[in-house]
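First up is the structure itself, then whatever we jot down about it.
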Amino acid sequence: QVQLVESGGGLVQPGGSLRLSCAVSGITLDYFDIGWFRQAPGKGRERVSCIDYRSRTIYYADSVQDRFTLSRDNAKNTVYLQMNSLKPEDTAVYYCAADLPYSGSCPRGPFGSWGQGTQVTVSS
């Protein structure tokens, strides 16, 4: 069974930073593409960033380019999303997701396994 558990969300002021973590179990992270998504109230789920299993492709949505940095630590089975220069429009529930690369998950394909999300609120 695949489990993904997000952590690190919270309340931060505009311009501040947060680091989200996604702890992965039930799979070997080396074999999987990982994605970060977010969903704001009343909106669909947005693909924020993803990294392929080889760590050779890293995708960022235009809205977070140059502000967010995705990394993975395969030894710890953990993926991180460093979020800097946060804006109120970044407020959302953030989810991590995983899938085998045969699905072409990163940068464009679907993800099959999902975490439960962590809330990020950017407000003064």
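Position 1 is the first residue of the sequence; numbering continues from there. Please read these numbers as outputs of a predicted model, since none were measured by experiment. These values consider heavy atoms only, across backbone and side chains, with no hydrogens, waters or symmetry-generated copies.
Annotation: Gln119, atom CD; neighbour count of heavy atoms from other residues, nucleotides and ligands within 6.0 Å is above 12. The local environment of CZ in Arg108 is sparse, with at most 12 non-hydrogen atoms from other residues, nucleotides or ligands closer than 6.0 Å. Atom CD of Gln39 sits in a crowded spot, with more than 12 heavy atoms from other residues, nucleotides or ligands closer than 6.0 Å.
With Asn74 contributing its side chain and Asn77 its backbone, the two residues share no donor-acceptor pair below 3.5 Å. Side-chain atoms of Glu6 come within 3.5 Å of backbone N or O of Gly117 as a donor-acceptor pair. Remark: the backbone N or O of Pro110 is paired with a side-chain donor or acceptor of Ser105 at under 3.5 angstrom. Under the 3.5 Å distance criterion, the side-chain polar atoms of Thr91 are matched with a main-chain donor or acceptor of Val122.
Contact record, Cys96 with Leu4: SG-CB, 3.7 Å, taken as the closest heavy-atom pair. The two atoms that bring Ala98 and Ile27 nearest to each other are CB-CD1, 4.2 Å, heavy atoms only. Pairing each heavy atom of Pro101 with each of Phe32, the nearest pair is CD-CA, 4.5 Å. Minimum interatomic distance between Tyr53 and Arg72 (heavy atoms only, all atoms of both residues): CA-NH1, 3.4 Å. Here the shortest heavy-atom pairing between Ser17 and Gln82 reads CB-NE2, 4.0 Å. For the residue pair Pro107 and Tyr59, the shortest heavy atom distance occurs at CB-CB, 3.9 Å.
Between Val79 and the options Leu29, Asp73, Leu20, a side chain to side chain contact (heavy atoms under 4.5 Å, CB included) holds for only Leu29.
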Inset, instruction - Tell me, with the steps shown, if Glu89 and Ser63 meet side chain to side chain donor-acceptor pair (under 3.5 Å). - result: CA-CA 9 Å; Glu89 50 264 45; Ser63 57; over 6 Å; no
Legend entry - From CA spacing to verdict: side-chain contact (heavy atoms from CB on, under 4.5 Å), Arg67, Asp90: CA-CA 11 Å; Arg67 298 190 298 119; Asp90 295 318; 2.8 Å; yes
Inset, instruction - Tell me, with the steps shown, if Trp114 and Phe37 meet ring-ring contact (aromatic ring centres under 6.0 Å, His included). - result: CA-CA 10 Å; Trp114 294 80; Phe37 295 75; 4.6 Å; yes
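Hydrophobic clustering (ILVMFWY, side-chain heavy atoms < 4.5 Å, transitive): Val64 and Tyr94 are in one cluster. Phe111 and Tyr102 fall into different hydrophobic clusters, where Ile, Leu, Val, Met, Phe, Trp and Tyr are joined by side-chain heavy atoms under 4.5 Å apart, directly or via other members. Tyr60 is connected to Leu86 through a chain of hydrophobic side-chain contacts under 4.5 Å among Ile, Leu, Val, Met, Phe, Trp and Tyr, so both are in one cluster.
With contacts defined as side-chain heavy-atom distances shorter than 4.5 Å, the pair Ile34/Cys106 does not qualify.
Atoms CG and CG, from Asp33 and Asp99 in turn, are 7.5 Å apart once rounded to the nearest 0.5 Å.
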